[in-house]
Amino acid sequence: MQAAKSLKLKSNYMTTKRIAGSQAVILSLLEEGVEIIFGYPGGTIMPIYDALYDFDRHINHILTRHEQGAVHAADAYARVTGKAGVCFATSGPGAANLITGIANAMMDSVPLVCITGQVASPLLGTDAFQESDVVGISMPVTKWNYQITDSKEIPEVIAQAFYIAQSGRPGPVLIDITKDAQISELDFEYKKCRKIRSYIPETPVDPFKIKEAADLINTAKKPLLLFGQGVIIGNAEQELKDLIEKTGIPAAWTLLGLSALPSDHPLNVGMLGMHGNYGPNLLTNEADLIIAAGMRFDDRVTGKVSAYAKQAKIIHLEIDPAEINKIIKADIAVLGNVKKSLKMLIGNVNENKHDQWIQRFRDCDKIEHEKIIQKDLYPEKPGLTMGEAIRIVADETKHEAILVTDVGQHQMIAQRYFKFKTSKSNVTSGGLGTMGFGLPASMGAQLGAPNRTVVAVIGDGGFQMTIQELGTIAQNKLPVKILLLNNHFLGMVRQWQQLFFEKRYSFTELQNPDFITIAKGFGIPGHKVDVRDDLETGIKRMIAHEGPYLLEVTIEKEDNVFPMVPTGASVSDILLEP
């Protein structure tokens with residue numbers, strides 16, 4: 001087999017020289033503009049890693065400490081760059097360890113290309129060492145997957161994988177490559193995929209539907225626009241802003257839609273959902289028109305579906321036909337790319353204002369501020385709160401940082417109070433709610449946006465699920481700022497046990513290690529804050545430090561997140577206090 005380094009590559013890495021399948025994998029990735037791969041080597045993917053050895057000047061491989069860390073990092077990289085994230089893993093346990101992260105990306109519509117090694121073709125189905133049917137395992141949580149047993153298929157399949165992952169509604173794909181396909185040779189030629197028969201990534205926007213939607217918008221008295229991650233994926237932030245400014249319509253965001261519209265925009269009325277803001281939840285059931293842009297009416301947004309916005313007409317702007325009428329029936333469904341749909345709407349709607357309607361949201365803001373926000377951000381009690389820590393970090397980073405969160409109470413508090421100026425600044429696990437996401441995701445976010453400050457806000461439970469990735473952060477000198485909010489509990493579960501299970505705290509209290517000592521063992525400095533007088537100084541020190549840094553903040557054990565829409569309740573039944 002000829003070594004890859006002896007190939008005389010053209011500027012676009014095209015070659016017709018006969019090469020090994022493993023080399024074809026790397027050349028195909030270079031053709032797709034891949035700059036970073038996250039992965040963990042093993043026996044069946046070793047030929048690909050051997051080929052990668054000769055391309056270290058062209059591709060930066062990040063050796064994570066666990067395959068789950070690799071896929072979460074690739075996920076976050078994709079979210080902040082808009083490009084497909086790429087990860088490698090070996091067969092068997094390596095491939096199986098990707099599944100949680102792949103499912104996470106599938107739920108949140110994140111483009112990933114996951115490449116796994118597999119045992120040689122003659123051993124398939126024999127329960128060979130480290131064999132697992134990763135194609136079968138991953139089928140429910142991938143947009144597409146494929147097993148390559150012939151090296152000649154490698155260029156075409158990889159080209160299709162990137163096209164499928166990044167087109168239409170994005171999602172993860174998986175390519176499983178047998179070891180013999182990696183070793184055998186082929187005449188390499190790469191052609192980017194532009195079209196696949198029977199695969200229609202997006203439907204052309206129907207101008208008649210646009211006109212019908214515009215007519216409803218023009219006559220509505222209490223319209224409310226709900227925007228989700230589809231706006232960010234579709235690069236439709238400007239169109240969203242232009243539409244609401246022309247029509248005067250208040251806009252509320254889902255967890256993943258956060259940062260698509262600046263937090264201080266006068267028509268931004270806050271977060272929807274279980275722990276969202278009082279106004280947009282309460283007033284959903286007063287609106288006469290709901291315009292849903294790039295969001296899927298998740299159950300955390302709708303609450304009790306039978307009581308959701310029954311008085312309102314529904315316009316749904318959505319790229320995926322499967323989401324139309326799945327949860328909430330649309331009066332007008334506008335299929336297609338949300339950027340195109342919003343742009344066409346702008347040309348068909350009238351200039352308008354809804355001052356009295358917007359004032360209703362501001363009145364709700366005052367109630368929420370008095371009952372909750374003031375106490376969260378400027379507490380009078382001695383114990384530290386999550387809210388005040390988030391407020392100080394946001395202020396110290398001038399609301400320009402990328403926020404990466406794990407899952408739990410700290411996630412909800414951070415989304416509520418961090419505030420943003422620019423899009424693609426919020427990285428979190430939405431649909432799957434994956435604890436352990438935060439730390440590895442911060443690595444991918446930092447590598448995807450090396451010139452921006454990345455702040456990872458993590459709870460003590462989620463931190464311990466992927467704590468080994470501190471080693472990856474240290475080895476690659478990634479200047480991630482880690483804010484660990486430690487309440488010695490699985491906080492969100494504990495809150496539910498407190499409110500709905502008579503404080504029967506069943507297996508949610510944690511005996512935690514010395515996190516600062518662990519971080520120092522990896523070569524990452526840090527310190528712990530227990531009292532309010534040290535909090536601001538500690539946060540400033542963390543932000544100012546040039547490399548990675550861990551700041552552990554001890555918060556009150558029963559620091560709860562409100563408002564809250566109880567499970568099974570209507571969004572208008574939102575609670576401001578226990």
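Numbering of residues begins at 1 and proceeds along the displayed sequence.
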Are there over 12 heavy-atom neighbours, none belonging to Phe129, within less than 6.0 Å of that residue's CZ? no

Which word best sums up how the rings of Trp144 and Tyr146 line up, parallel for under 30°, tilted for 30 to 60°, or perpendicular for over 60°? parallel

I'd like to know if the side chain of His316 reaches the main chain of Met295, judged simply by a donor and an acceptor atom lying under 3.5 Å from each other, with no hydrogens or angles considered. yes

Within a radius of less than 6.0 Å around CZ of Arg300, do more than 12 heavy atoms belonging to other residues, nucleotides or ligands occur? no

Quick one: ring-ring contact (aromatic ring centres under 6.0 Å, His included) partners of His61, sequence neighbours excluded? Tyr49

Residue Ile196 excluded, over 12 heavy atoms near CD1 under 6.0 Å: yes

I'd like to know if the side chain of Asp150 and the backbone of Lys152 have a donor-acceptor N/O pair within less than 3.5 Å. yes

Backbone N/O of Gly85 and side chain of Asp75: donor-acceptor pair under 3.5 Å: no

Just verifying a value: how many Å separate Ser259 OG and Gln415 CD, rounded to the nearest 0.5 Å? 9.5 Å

Regarding Glu239 and Lys343, does a basic nitrogen lie under 4.0 Å from an acidic carboxylate oxygen? no

Can you confirm whether Val205 sits close enough to Val334 that some side-chain heavy atom of one is under 4.5 Å from a side-chain heavy atom of the other? yes

How many angstroms lie between atom CD1 of Ile458 and atom CD1 of Ile482, to the nearest 0.5 angstrom? 6.0 Å

So, does Lys143 use its side chain to make a donor-acceptor pair with the main chain of Arg169 at under 3.5 Å? yes

Supply the atom-to-atom distance Leu432 CG to Ile102 CD1, rounded to the nearest 0.5 angstrom. 12.0 Å

Glu156 CD: over 12 foreign heavy atoms closer than 6.0 Å: no

Set of side chain to side chain contact (heavy atoms under 4.5 Å, CB included) partners for Ala89, sequence neighbours left out: Glu67, Leu98, Thr116

About how many Å separate CG of Leu345 and CG of Leu240, when rounded to the nearest 0.5 Å? 11.0 Å

Do the side chains of Arg79 and Asp108 get close enough for a salt bridge, i.e. N-O under 4.0 angstrom? yes

Side-chain donor or acceptor of Gln68 paired with backbone N/O of Thr466 under 3.5 Å: no

For atom OH of Tyr40, is the number of surrounding heavy atoms from other residues, nucleotides or ligands below 6.0 Å larger than 12? no

Which word best sums up how the rings of Phe420 and Phe418 line up, parallel for under 30°, tilted for 30 to 60°, or perpendicular for over 60°? tilted

Check Val454, Ile402, Val80 against Gln446 for a side-chain contact (heavy atoms from CB on, under 4.5 Å) and give me the one that passes. Val454

Do any N or O atoms from the side chain of Asp406 and from the backbone of Gly459 form a donor-acceptor pair under 3.5 angstrom? no

With Val455 as partner, the option from Val393, Ile390, Thr405, Val404 fulfilling side-chain contact (heavy atoms from CB on, under 4.5 Å) is Val393

Thr149 and Leu124, any side-chain heavy atoms less than 4.5 Å apart: yes

Would you check if His275 and Met492 make a side-chain contact, meaning some heavy-atom pair closer than 4.5 Å? yes

